Amino acid sequence: MADGATPSTAPLDPAAVDPETAEALDGHHEAHDGSMAARLNWLRAGVLGANDGIVSTAGLVIGVAAATTDRGPVLTAGLAGLAAGAMSMAVGEYVSVSTQRDSERALIAKEIRELRDEPDAELAELTGIYESKGLSPALARQVAVELTAHDALAAHAEVELGIDPENLTNPWHAAWASMVAFTVGALLPLVAILLPPLGWRVPVTVVAVVLALAGTGLVSARLGDADARRATVRVVLGGLLAMAVTFAIGSLVGTQVG
């Protein structure tokens with residue numbers, strides 16, 4: 001599953017477990033429901049959208065600013081890049097996540113057919129999976145039987161496919177999150193290059209972009225439990241490289257045309 005497997009199909013209910021376990025759960029609040037995967041899905045799309053909006057728009061406006069001192073072309077290029085990029089991100093996320101959702105539905109439909117036509121084989125398969133996780137054959141069989149009796153489809157979908165049938169990925173969430181985040185990210189370099197005086201617009205934009213990219217790098221690292229310093233440096237260096245290349249191209253083209 002592309003956007004993270006669902007850790008559990010339902011939150012832990014202290015009333016449904018023995019008193020000792022319930023006491024241990026008291027005060028321990030950790031998300032275990034399938035909505036966490038959905039939230040991470042649109043958060044991921046939002047962070048990526050913001051990062052793309054910052055880098056692509058910054059590179060575009062700095063390249064144009066290097067070619068001309070007029071604000072009109074810079075504003076026009078920035079707004080055009082913002083609109084095109086936001087729509088491209090939204091459509092791309094929608095198509096990508098829709099394809100993933102279609103695959104999830106197809107896998108669930110296949111699992112439903114197998115549970116209907118070959119229940120014994122499916123029970124044996126579930127038992128084997130739990131044995132491979134370290135349970136004894138007898139306990140694995142007991143777990144498989146009880147989970148199958150409770151909700152056979154949910155048990156098989158979670159263990160075999162990493163899918164929660166009640167919480168499939170939503171392409172609209174990802175599309176809107178990506179489009180809005182791209183727009184917000186793109187506005188920062190656009191405003192940064194339009195407001196300062198002529199001699200300061202490129203330096204101010206570079207500083208604003210570096211700070212913004214450092215923020216998105218930190219957030220993406222936190223979401224993925226990755227090393228924050230490495231992720232931040234990687235994102236910032238990529239943005240600086242993009243701006244340097246477009247500035248060089250803009251300067252060259254502006255000189256040749258002028």
Side-chain angles (χ1 to χ4, degrees), residues 42-96 173-224 226-258:
W42 65 260
L43 280 172
R44 174 200 58 81
V47 171
L48 291 177
N51 187 75
D52 285 350
I54 295 168
V55 173
S56 61
T57 306
L60 182 62
V61 296
I62 283 182
V64 176
T68 178
T69 58
D70 294 337
R71 295 183 187 273
V74 177
L75 176 61
T76 301
L79 290 176
L82 186 156
M87 291 304 300
S88 175
M89 290 293 294
V91 172
E93 282 290 338
Y94 181 82
V95 171
S96 174
H173 288 172
W176 281 109
S178 184
M179 183 176 70
V180 171
F182 184 98
T183 302
V184 172
L187 284 173
L188 186 142
L190 184 56
V191 171
I193 205 162
L194 291 175
L195 293 183
L198 180 62
W200 285 93
R201 60 184 186 178
V202 172
V204 168
T205 303
V206 170
V207 172
V209 167
V210 167
L211 292 176
L213 289 177
T216 60
L218 181 61
V219 172
S220 63
R222 292 289 176 84
L223 288 176
D227 181 81
R229 183 183 304 175
R230 181 178 301 176
T232 301
V233 170
R234 184 167 54 234
V235 172
V236 169
L237 288 179
L240 287 173
L241 177 61
M243 289 186 288
V245 170
T246 56
F247 183 82
I249 293 174
S251 299
L252 179 62
V253 172
T255 301
Q256 296 297 325
V257 172

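Heads up: numbering here begins at 1 and tracks the sequence. All values reported here derive from a predicted model rather than from experimental measurement.
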_I'd like to know whether Phe182 forms a side-chain contact (heavy atoms from CB on, under 4.5 Å) with Ser88, so could you lay out the CA-CA distance, the side-chain angles of the two residues, the decisive distance to 0.1 Å, and finally the verdict._
CA-CA 10 Å; Phe182 184 98; Ser88 175; over 6 Å; no
* Under 3.5 Å donor-acceptor, Ser178 side chain and Ala174 backbone -> no
Verify, without hydrogens or angle tests, whether Thr57 (side chain) and Gly53 (backbone) share a donor-acceptor contact under 3.5 angstrom.
yes
Side chains of residues 203-218: which donor-acceptor pairs under 3.5 Å do they make with residues two or more places apart or in other chains?
{"from": "Thr205", "atom 1": "OG1", "to": "Ile193", "atom 2": "N", "distance (Å)": "3.3"}
{"from": "Thr205", "atom 1": "OG1", "to": "Arg201", "atom 2": "O", "distance (Å)": "2.6"}
{"from": "Thr216", "atom 1": "OG1", "to": "Asn51", "atom 2": "OD1", "distance (Å)": "3.4"}
{"from": "Thr216", "atom 1": "OG1", "to": "Leu213", "atom 2": "O", "distance (Å)": "3.0"}

Residue pair [X] / [Y]: nearest heavy atoms and the distance that separates them:
{"X": "Gly59", "Y": "Met243", "value": "N-CG, 4.3 Å"}
{"X": "Gly78", "Y": "Val61", "value": "CA-CG1, 3.7 Å"}
{"X": "Met179", "Y": "Ala86", "value": "CG-O, 3.7 Å"}
{"X": "Ile54", "Y": "Gly185", "value": "CG1-O, 3.4 Å"}

What's the separation between atom [atom1] in [X] and atom [atom2] in [Y], rounded to the nearest 0.5 Å?
{"X": "Ile249", "Y": "Ile62", "atom1": "CD1", "atom2": "CD1", "value": "12.5 Å"}
{"X": "Leu75", "Y": "Leu82", "atom1": "CG", "atom2": "CG", "value": "10.5 Å"}
{"X": "Leu60", "Y": "Leu79", "atom1": "CG", "atom2": "CG", "value": "10.0 Å"}

So ring-ring contact (aromatic ring centres under 6.0 Å, His included) across residues 192-211, not counting sequence neighbours, yields none
- Query: Is it true that atom CZ of Arg71 has more than 12 heavy atoms of other residues, nucleotides or ligands lying nearer than 6.0 Å?
  - Reply: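 Yes.
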